[in-house]
Number of protein chains: 2
Amino acid sequence: MIKKTGRTQEERSRKTKICLFEATLDSLEELGYHGASLSQILKRAGVSRGAWSHHFTNKKELIARSTEYILDQAVETTRRWAGSVEITKDKLQKLFDFIWDNFYTGRHRAVWLEINVACRTDTELRKRLTPVFEHFHESMKEAWNNWFDATENGKTESGKTDVETVIILAINTLRGMAVQSIVQDDPEYYRQMRCELIRMISPLIRVQAYKHIRVAEKNEEA
Amino acid sequence: MIKKTGRTQEERSRKTKICLFEATLDSLEELGYHGASLSQILKRAGVSRGAWSHHFTNKKELIARSTEYILDQAVETTRRWAGSVEITKDKLQKLFDFIWDNFYTGRHRAVWLEINVACRTDTELRKRLTPVFEHFHESMKEAWNNWFDATENGKTESGKTDVETVIILAINTLRGMAVQSIVQDDPEYYRQMRCELIRMISPLIRVQAYKHIRVAEKNEEA
DNA sequence: TTAAATACCGACCGTTCGGTCTGTAAATAA
DNA sequence: TTATTTACAGACCGAACGGTCGGTATTTAA
């Protein structure tokens, strides 16, 4: 009795891998790096041990490839978002809400934390992922160029911190809040803090914000 | 043949526990929560399995007590530091350098990360440590009162973010940088960013800073 | 000096871990 | 149709895990 599935080898292979990626990421979110055992991941994915070993050399490689997978998704999401948002006066707020919701809550936050912390003590994993992280940062930087034209990020006022630095600091603030929110979970509080953060940095990057608005207004004229 | 050590029971007990705490914390730093196995900790501490089980019900309890231990040390260090620093114009810089060096580098950073991330997925550990963290924060808050008189943290200018919020945001920025520094290790870069951060927030808390300096000057007059 | 309490020792246990290996099923190329 | 390659299945393995337990050593109280 031969069971034909009607799928090509490539389709079967791809499907299995994606199931494993998703199961790995869900396991990392739910159980942490420490609790995400291979048996558990395979059970969740509905994939046999044999199928897994056919596609991946070992567990670490599965973890690494799953990380690549979620980062690629993140870049794609960001590109789509950055390419379809109107330029308004509260765009800074929208930017940081987007970053928070997509990167510093839910599964992405979980995976980000678990993988980063794992990399701290696992040299092999860190070396494997360093170029992946670098590529990720490059892609994100490029995507944000729809927001702040990187080429014109000069000093806002003489002696003041430039815009890119302010943004980097602000993103680090979000990162810190993301860690803190593990033990002190209170979404409303972090929303408030995000507002305060934006209120704090807005004056420092007003130049850029207004520049974009001026551009938008010009486009409306045409 | 009886070997008298000349130590009291309490001394012996205390010594063993401290050895275990230190070994646990060192293991967490070096191997991470994931790699810090009990056998490894015991070997490092030079303590037998039997001695361990006599003092602790299980591994998680050892982890939790070790966390309490390092947090108590941190509070003590902070109290000493806060009680013995001259009030100068660059005291903000000194404050954040102190916080960074003591909490967001080295062993403390490692343990902070490992334990927090472990708490994310381990409800039991989180419940066990939540009051510990709360007590820690209370103690730290109290210690910082030597720096910023909490009772006078009003609005610096109408509509602006108040001082305490600015400080909390800044500490979150340090936290974010601490995570980032796992994968992107560059002490000089983070020193620079810390400078920029301070330059950014200094104007927002100038009132307080000067107030303290005025107090110091007054004391000199007397 | 003796009895009780406390501190400590390490062999042992059941479980789970990541990884391997032999064999089968399905798709593809000849 | 057949041969080859690719995809998958699951039993099995040694190693390491956290935890237990019966016995010994040291201190302390009677």
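- A salt bridge links R80(B) with E76(B): the distance from a Lys NZ or Arg NE/NH1/NH2 to an Asp or Glu carboxylate oxygen falls below 4.0 Å.
- Atom CD1 in I63(B) sits roughly 14 Å away from atom C1' in dC17(D) (whole-Å rounding).
- You'll find the side chain of I41(A) stays beyond 4.5 Å of the side chain of D26(A), heavy atoms only.
- Taking atom CZ of R7(B) as the reference point, atom C1' of dC8(C) lies 11 Å away to the nearest angstrom.
- Between F21(A) and Y69(A), the ring planes lie tilted relative to each other; the angle falls in the 30° to 60° range.
- The interatomic distance linking L42(A) (CG) with dT20(C) (P) rounds to 14 Å, in whole Å.
- Regarding Q40(A), its CD atom lies at a distance of 10 Å from the P atom of dG18(C), rounded to whole Å.
- With contacts defined as side-chain heavy-atom distances shorter than 4.5 Å, the pair E11(B)/K15(B) does not qualify.
- The shortest distance between the side-chain N/O atoms of H55(A) and the OP1/OP2 oxygens of dT6(D) is not below 4.0 Å.
- For the pair K60(B) and R128(B), the minimum side-chain heavy-atom distance is 4.5 Å or more.
- Residues from residues 44-53 of chain A placing a heavy atom under 4.0 Å of any atom in DNA chain D, listed by number, are S48(A), R49(A), G50(A), A51(A).
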Let me check something: any side-chain donor-acceptor pairs from residues 28-39 of chain B under 3.5 Å, sequence neighbours excluded? List them with distances.
| residue | atom | partner | partner atom | Å |
| --- | --- | --- | --- | --- |
| E30(B) | OE1 | R44(B) | NH1 | 3.2 |
| E30(B) | OE1 | R44(B) | NH2 | 3.2 |
| S37(B) | OG | Q40(B) | N | 3.2 |

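- Per the geometry, CG belonging to N58(B) stands 5 Å off P belonging to dG19(D), to the nearest Å.
- E124(A) has its CD atom 15 Å from the P atom of dG18(C), to the nearest Å.
- Considering only side-chain atoms of Q9(A), the nucleotide from dT28(C), dG19(D), dC17(C) that sits closest is dT28(C).
- Regarding contacts with the backbone of dA7(C), a side-chain N or O of H54(B) is found under 4.0 angstrom from either OP1 or OP2.
- One interatomic measurement links the two molecules: CD1 of I41(A) to P of dG19(C), which rounds to 11 Å at whole-angstrom precision.
- Of the candidates F96(A), W112(A), Y190(A), Y104(A) forms a ring-ring contact (aromatic ring centres under 6.0 Å, His included) with just one, namely W112(A).
- Counted within 6.0 Å of NE2 on H135(A), heavy atoms from surrounding residues, nucleotides or ligands total 12 or fewer; the atom is thus considered open.
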Check: Taking it one step at a time, do R107(A) and I70(A) satisfy side-chain contact (heavy atoms from CB on, under 4.5 Å)?
Finding: CA-CA 9 Å; R107(A) 192 170 80 166; I70(A) 198 177; 4.2 Å; yes

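- Across residues 10-35 of chain A, R12(A), S13(A), T16(A) each have a non-hydrogen atom less than 4.0 Å from an atom of DNA chain D (numbered order).
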